[in-house]
Amino acid sequence: MEAAFGVLGSTALRIDGALAARWAPAKPRAMLAALLVAPGATVSTAALVRWVWGDDERKPGNTTATLDVYATRIRGLLKRLPVRASLRGDRGSYHLDTEPSAIDLVQFRELSAAARLHSGRGDPARAARHAESALRLSRGKPLADLRSPDALAWRARFERAELIPAHSTHLTALVELGRADEALALLEVVQAEYHDSLALHKLRLTVLHALHRPEEANEYYLAVRRSLDADGDPETADHLLRHHESLVHALPHPPKRSRRDTTEFVGRGGELALLDAAALTEDGTPPRGVVVLEGMPGVGKTALAVHWGRRVRGLFPGGDLFVDLAGHRTHPAASPAAIVDELLAGLGEEPNSSATPVVRAAALRRVLATRHPLVLLDNAHSAAQVKAVLPLLTECLVVVTSRHSLTELGAGPTTRFVHIGPLAPAESGALLDVRVGGAEAHPDLRAEVIRLCGGLPLAIAVVGRNIAEYRLRRRQSGLSPRRLLLELGIDADSDTSPQTLFTWSYRALPPQARDLFRALGLHPGSEFTAAAARACWGRTEAETAGTLSTLVDANLVDRGTTPGRFRFHDLIRECAHHLTHNEDTPDHRDATERRILAYYLGSAIAAHDALYPGHSSGPPLPPEPLVVPHRFPDAESARGWFAAEHVNLMATTVFAARAGHHAYAWRLPHAVSRYLRRSGHHEDCRIAREIAVDSARADGEPEAEASSLADLGLTYLTLGRFADAERSLLGALAFADATGTARGQGVIRYQLGKLAAQLGDTERAVRLLEESLVFAERGQDEQGKRWTLHALGDALLSAGRHNEALTALREAERLAVAGGDESARASVLAGICAVWRARGRFPEAAAYGEAALRTAEAARDAVIVVTTLAALAEVEHARGALATAEALTRRAVALADRVHHLPEHAKALDLLGDILAGQGRTPQAHTAWRDAAALYALMGDSTHQHEVLAKLPRT
């Protein structure tokens, strides 16, 4: 696909089919560039400031507000791109969410990786083609329009570490194809730009020798050598000399090949660099020591070790040896004696089967005294298995691979540990392309496979070999894609499936670890805490901690980036899920599921009560034996838990409904939705509340169904889905009126009143809210009273009844303070601000607006922050402080966009248009009004839509 974003030249966007480099002034382009060069990363405001403004440039007084303005401009253009893209700002950082493959930098890296891969496989034609495609993406100097030190530093790193190597791969492939003359012509152009590159100097010597022009090569070498000596760089000069001499005196025979070799390899630059460091010695003596490569099954440890061994074979004149220790097979692991015999055979010494193990070990030690091979001990079962032979290999560099943690080998200057994780998505894509071979995978299928394989080379290889079968069974079988992927590779003659590979590791575990592994297969999310694992298993804290460590040591579970958290690779989790359904009884699984659900429900209720005291979290269930929910000492710890467990809570809610645990499925949303709503996660809130409605109905709980309908109506109202909101609320009201539930009757009338106010029916809004207030007072519902009085005050203000509005709002403020409800207090203060603004009392209005904003920000209620920003902006606009009003409104627009609050977003865009028009910036005002009208149309709010459209010129 064509790139939608470009950094390999000026920072560009694909607008109307062409990459446009002048889509905005330099500063917004610099901000976007900083997000594009770190695809998928969240970039802090501080980092953006360093990137956008140079050290010698004058920065604006409020860089945060300025970046918000730039972000708004970028968001408007993202809608015109041919790919999905969104820009989110959150608490001092920004995140660009789009397909990485839409960025020319990512495309460059994928093509370059494929070129290196084909080059390593001895396929120069494909290497040249991929490298040329990568280099064709360049439109000049990377980030040509940026001048900040951070941008210049990135450009220098990219050119040195990626762009020049891509040129080298391309030119080397041309030489191997017999096109050295073409390579030399291209070198002239490249070296004119990068005249100090040692890699290009070496490559020019190679090209000249390939063209049989040794005299010219010698002259070129001497000229460069003189320049390096003059610059005081003798080390580089010596390096160039060794390369030149190797071309002049080419070795007559190729080096000895490994017993095993890799034909396909992608990526792993960081790991290869660590292995290279282990092979370097200061005095030039053969390297010694131990390097342990650890990682989960199928992550590519052996492929990495063998590929690296082939790369550095010239450093080991004694050759290289490969021994499979059989640590994770169905047959027994290799014994020390068998390992010694295998090493002797590899060294050309016939093992004497009649000799004792001690004699054979002595024979190995004697041979190694004069030879220094590289030794690869693959697939180690334990540290003890390796320790038994290491004393015989002190003269060698030993690389050990294992799925187990081998920390018992001891850390030190001669022992290094390298953890091997999954491949990056770009590397996975390159490997899949190679494995598929001549068959072309549809882009959607390719993206699906890359996502499902999760960076495991083994899984990618299996799909690559069986791509036709996967495509067919994907359409015809009833299996989930991940389940299908696990079973690929099973046929009549063999079983190379990922499921079997993972099961070998599972079978090697002690019984308790196998039990916990299966229990975790029922956990709804990929990441979990030790406390959640304890609930899954139903054992003590100490037992769980020790057994989790066993799973981590076996690399079946990873430690998370946050202390105390663990995570499954998705395929291994699917394997555990399969095993528990094959090996555990339905009753056993049901008990495990109920413990998991009880843990998350109990913890969510505790977090809700700590964070929102005085608010109901819904009716609890009886406690589940063996489950200890999390407890929270303060509101901050509860908020942190909600943030950390957000994904798990959503997954658990969905799982509870699908598994038929409806009593949990409708209670969980009641415990978590207030956090979701106040944090701006309105889509997740909608999903949870829709599940609550369906599950309460399935559970035969009409009161819970009606309560969930009322909550869902409020969420639909926030999302601007007014017809859906009214339908849900009227359904809830019918139940409340039929049963005479005073609180329900009041709450639903409150929400219907807010809906009427939003649609501009002020008279109906006032009537419904006054009825709601009667029910709240009758039921002594203090929470209901303060929120209803606030909404009533807003409605009375819209009706022009200022005195009554102020009376209602002041009473609402008193009740909010008495109830410790800071969100309600902030919202009420914003309402009072609006009353004073309507009266023309701007100093009082501004004071209340600023107090409202401080209170809302302290309460961390994103929706009310948007409301208060808009209220304060309206004050500044009314008193003519247009620049301040614009900054506040743009903050409101950005935050409303991030939290998907459509009504406030539309209102803020409408206000922004008014402010811009007042500044004479008519085209920008029209853009804001059109965006506001589009949002009102999306919500079905024709009244406000027509009001905004009336401000636009007729066309």
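Basis for what follows: all heavy atoms, side chains included, without hydrogens, waters or symmetry-related copies.
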Pairwise distance CZ(Phe417) to CG(Leu293) - rounded to 0.5 angstrom: 11.0 Å

N/O donor-acceptor pair under 3.5 Å between Thr206 side chain and Lys202 backbone: yes

Where Leu143 and Ala151 come nearest, the two heavy atoms and their spacing: CD1-O, 4.3 Å

Thr45/Arg50 under side-chain contact (heavy atoms from CB on, under 4.5 Å): CA gap, chis, key distance, verdict: CA-CA 9 Å; Thr45 299; Arg50 292 195 305 272; over 6 Å; no

Closest heavy-atom pair and its distance - Ala114, His130: CB-CD2, 3.5 Å

Residue list, side-chain contact (heavy atoms from CB on, under 4.5 Å) with Arg157, at least two apart or on another chain: Ala153, Trp154, Arg160

Rounded distance [0.5 Å steps], CG in Leu111 versus CG in Leu137: 6.0 Å

Whether Arg139 side chain and Arg136 backbone form a donor-acceptor pair below 3.5 Å: no

Exam field: side chain Arg75 to backbone Leu87, donor-acceptor pair closer than 3.5 Å: yes

Ionic contact status for Asp378 with Lys301, cut-off 4.0 Å: no

Residue pair Leu184 / Arg179, side-chain heavy-atom distance below 4.5 Å: no

Identify all side-chain donor-acceptor contacts of residues 163-176 below 3.5 Å with residues at least two apart in sequence or on another chain.
{"unit_1": "Ser168", "atom_1": "OG", "unit_2": "Ile164", "atom_2": "O", "d": "3.2"}
{"unit_1": "Thr169", "atom_1": "OG1", "unit_2": "Pro165", "atom_2": "O", "d": "3.0"}
{"unit_1": "Thr172", "atom_1": "OG1", "unit_2": "Ser168", "atom_2": "O", "d": "2.7"}

Flag, side chain of Thr98 to backbone of Arg84, donor-acceptor distance under 3.5 Å: yes

Val400 vs Val398 side-chain heavy atoms within contact, under 4.5 Å: yes

Residue pair Leu275, Val291: steps toward the side-chain contact (heavy atoms from CB on, under 4.5 Å) verdict: CA-CA 8 Å; Leu275 285 165; Val291 181; 3.7 Å; yes

Worked check of side-chain contact (heavy atoms from CB on, under 4.5 Å) between Ile15 and Leu77: CA-CA 8 Å; Ile15 300 173; Leu77 289 165; 3.9 Å; yes

Closest non-hydrogen atom pair between Leu81 and Ala4, with its separation: CD2-O, 4.3 Å

Flag side-chain contact, heavy atom, 4.5 Å: Phe5 against Val83: yes

Non-hydrogen side-chain atoms of Val207 and Asp181 separated by less than 4.5 Å: no

Evaluation steps, side-chain contact (heavy atoms from CB on, under 4.5 Å), between Leu146 and Trp51: CA-CA 9 Å; Leu146 273 64; Trp51 190 278; 2.9 Å; yes

Partner residues of Ala156 under the side-chain contact (heavy atoms from CB on, under 4.5 Å) criterion, sequence neighbours left out: none

For the student: nearest non-hydrogen atoms of Thr11 and Ala33, plus distance: OG1-CB, 3.6 Å

pair Leu423-Pro457: side-chain heavy atoms closer than 4.5 Å: yes

Arg213 side, atom CZ; Asn218 side, atom CG - distance, nearest 0.5 Å: 14.0 Å

Under 3.5 Å: donor-acceptor pair, side chain of Arg29, backbone of Ala12: no

Leu274: side-chain contact (heavy atoms from CB on, under 4.5 Å) partners, not counting sequence neighbours: Val418

Main-chain N/O of Thr63 paired with Trp53 side-chain donor or acceptor, under 3.5 Å: no

Non-hydrogen side-chain atoms of Leu374 and Leu321 separated by less than 4.5 Å: no

Thr927 side chain to Pro923 backbone, donor-acceptor under 3.5 Å: yes

SB check Glu159 Arg155 (cutoff 4.0 Å): no

N-O pairing of Glu188 and Arg204 below 4.0 Å: yes

Distance (rounded to the nearest 0.5 Å) between Leu376 CG and Cys396 SG: 12.5 Å

Distance-only polar pair, side chains of His201 and Tyr221, donor-acceptor under 3.5 Å: no

Min side-chain heavy-atom separation Phe158-Val37 under 4.5 Å: no

Residue pair Glu294 / Ile420, side-chain heavy-atom distance below 4.5 Å: no

Those residues that, when tested against Ala20, pass side-chain contact (heavy atoms from CB on, under 4.5 Å) (two or more places apart): none

Point-to-point distance, once rounded to the nearest 0.5 Å, from CG of Leu187 to CG of Leu200: 6.0 Å

Rounded distance (nearest 0.5 Å) linking atom CG of Leu32 with atom CG of Leu78: 7.0 Å

Under 3.5 Å: donor-acceptor pair, side chain of Asp320, backbone of Pro373: no

Closest contact, heavy atoms only, Pro39 versus Val106: CG-CG2, 3.7 Å

Main-chain N/O of Val7 paired to Asp104 side chain as donor or acceptor, under 3.5 Å: yes

Heavy-atom closest pair, residues Gly6 and Leu19: N-CD2, 4.4 Å

Pair up each side-chain donor or acceptor in residues 66-74 with any protein partner under 3.5 Å, not counting sequence neighbours, and list the distances.
{"unit_1": "Thr66", "atom_1": "OG1", "unit_2": "Asn62", "atom_2": "O", "d": "2.9"}
{"unit_1": "Asp68", "atom_1": "OD1", "unit_2": "Tyr94", "atom_2": "OH", "d": "2.3"}
{"unit_1": "Thr72", "atom_1": "OG1", "unit_2": "Asp68", "atom_2": "O", "d": "3.0"}

Test item: His195 side-chain N/O and Gln191 main-chain N/O as donor-acceptor pair under 3.5 Å: no

